[in-house]
Amino acid sequence: MSEDTSIAADLARPSASELEALAVDLAVSAGALAVQRRTRGLQVDTKSSVTDVVTDVDRAVEEFLRAEILRFRPADSVLGEEGGDQRRAASPVRWLVDPIDGTVNFMLGLPQYAVSVAAEIDGQVVAGCVTNPVSGDVFRAARGHGAYRNDIRLHGPRMVPLEQAVIATGFGYDASHRSRQAGVVAKLAGRVGNLRRLGSAALDLCALATGWVDGYFEGPLGEWDLAAGVLIASEAGASLSGLNGLPPGPDMVAGAHPANAEEFFALLVELGADEVSRRFGES
Ligand code: 2AM
Ligand code: CA
């Protein structure tokens, strides 16, 4: 390969650490934009149901992210919650962005929402950043290089028996699906230490990475909700699964300390968490 060709190949195939650095810049700037725009008031619309909301700020922040990605890396593809999949064949890199994860919290003013930015190479997530622009927390990871919260290395959740474990989960926007999810959670409540429902899947996964919760499960989610958070939790040392031997994905994400993950995942299957998630797609 000539020197010119190999330089071109390097540009087309960036390292995970380069993509992580760009993800951090993008997510931090986008978070600042969300906070600043919120002070001007919000225009709220609904999507799949009356409780599935989107604000003009979600759309503006996604537009900002798409424009910035294309400014730095014009050949890359971008998938975003509000703007859909914009495919370009020229680069192996695809970005997955959620401009605001926890939109209901954002609308209410509850300071638990995030910007999530992840980058895939050839379909594998290699870098990600989740920021909570109100608390100032910046969670990030590059595949093979560990996970960090504001430059503090993360080591994942505690190893505690399930009867002591604090488990986070989330509920969907469809009312009948939410009732079925609550049925699983009602049974789970008596089998684990306690429950948390914080309202942002991306931040829940970062809480798992940090050890602020001992376990997490939720499904279905959007790819943009989970891409960065799953990498951050995995790089911190948590075990992530989609249940029944499947990898974590939009149907289901579950995570815990490796030493009690199998027991936790088996309990979720026993309680029907996987069925509830799957049935949502059929309803
Ligand atoms: P959002 O705020 O970006 O919409 C709430 O439990 C969490 O799950 C939030 O991260 C929310 O993302 C996400 N969520 C809830 N229902 C969802 C659905 N049907 N599809 C995708 N994400 C969903
Ligand atoms: Ca969102």
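Order of appearance sets the numbers: ligands from 1, and atoms from 1 within every ligand. Nothing fancy with the numbering, it's 1 onward along the sequence. Given the structure is predicted, the values throughout are model-derived calculations rather than measurements.
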Atom indices of ligand 1 within 4.0 angstrom of F171 heavy atoms, with elements | 5 (C), 6 (O), 15 (C)

Does anything in residues 84-118 pair up under ring-ring contact (aromatic ring centres under 6.0 Å, His included), and if so which pairs, sequence neighbours excluded?
-> F106-Y113

Residues S91, D76; criterion side chain to side chain donor-acceptor pair (under 3.5 Å); working and verdict = CA-CA 5 Å; S91 160; D76 292 356; 2.6 Å; yes

G199 heavy atoms, cut-off 4.0 Å: which ligand 1 atoms fall inside?
-> 5 (C), 9 (C)

S15 and E18 side chains, donor-acceptor separation under 3.5 Å | yes

Atoms of ligand 1 under 4.0 Å from any heavy atom of I100, numbered from 1 in the order shown, are 3 (O)

Rest of the hydrophobic cluster containing L203 (Ile/Leu/Val/Met/Phe/Trp/Tyr, side-chain heavy atoms under 4.5 Å)?
-> V130, F139, L154, W212, I232

Three-point angle I100:O, the Ca ion (ligand 2), E81:OE1, rounded to the nearest 10° = 170°

For R197, counting its heavy atoms only, list the atoms of ligand 1 lying under 4.0 Å from any of them.
-> 5 (C), 6 (O)

Considering the heavy atoms of G170, write down every atom of ligand 1 situated less than 4.0 Å from one of them.
-> 6 (O)

Which distance, rounded to the nearest 0.5 Å, do you find between the OH of Y173 and the OG1 of T51?
-> 8.0 Å

Can you list the ligand 1 atoms lying under 4.0 Å from a non-hydrogen atom of E218?
-> 5 (C), 6 (O), 7 (C), 8 (O)

State which residue, out of T131, I69, V115, fulfils the side chain to side chain contact (heavy atoms under 4.5 Å, CB included) condition with L26.
-> I69

Please could you name the atoms of ligand 1 that G102 approaches to less than 4.0 Å, counting only its heavy atoms?
-> 1 (P), 2 (O), 3 (O)

Report yes or no: is the cationic atom of R178 (NZ for Lys, CZ for Arg) closer than 6.0 Å to the six-membered ring centre of F171, at no more than 45° off its axis?
-> no

Under 3.0 Å from the Ca ion (ligand 2), is there an N/O/S atom belonging to D98?
-> yes

Atoms of ligand 1 under 4.0 Å from any heavy atom of D98, numbered from 1 in the order shown, are 3 (O)

Between the side chains of T55 and D58, is a donor N or O closer than 3.5 angstrom to an acceptor N or O?
-> yes

Counting only heavy atoms, which portion of A201 has something under 4.0 Å from ligand 1: side chain, backbone, both, or neither?
-> both

What part of D101, side chain from CB on, backbone N/CA/C/O, both or neither, has a heavy atom under 4.0 Å from ligand 1?
-> both

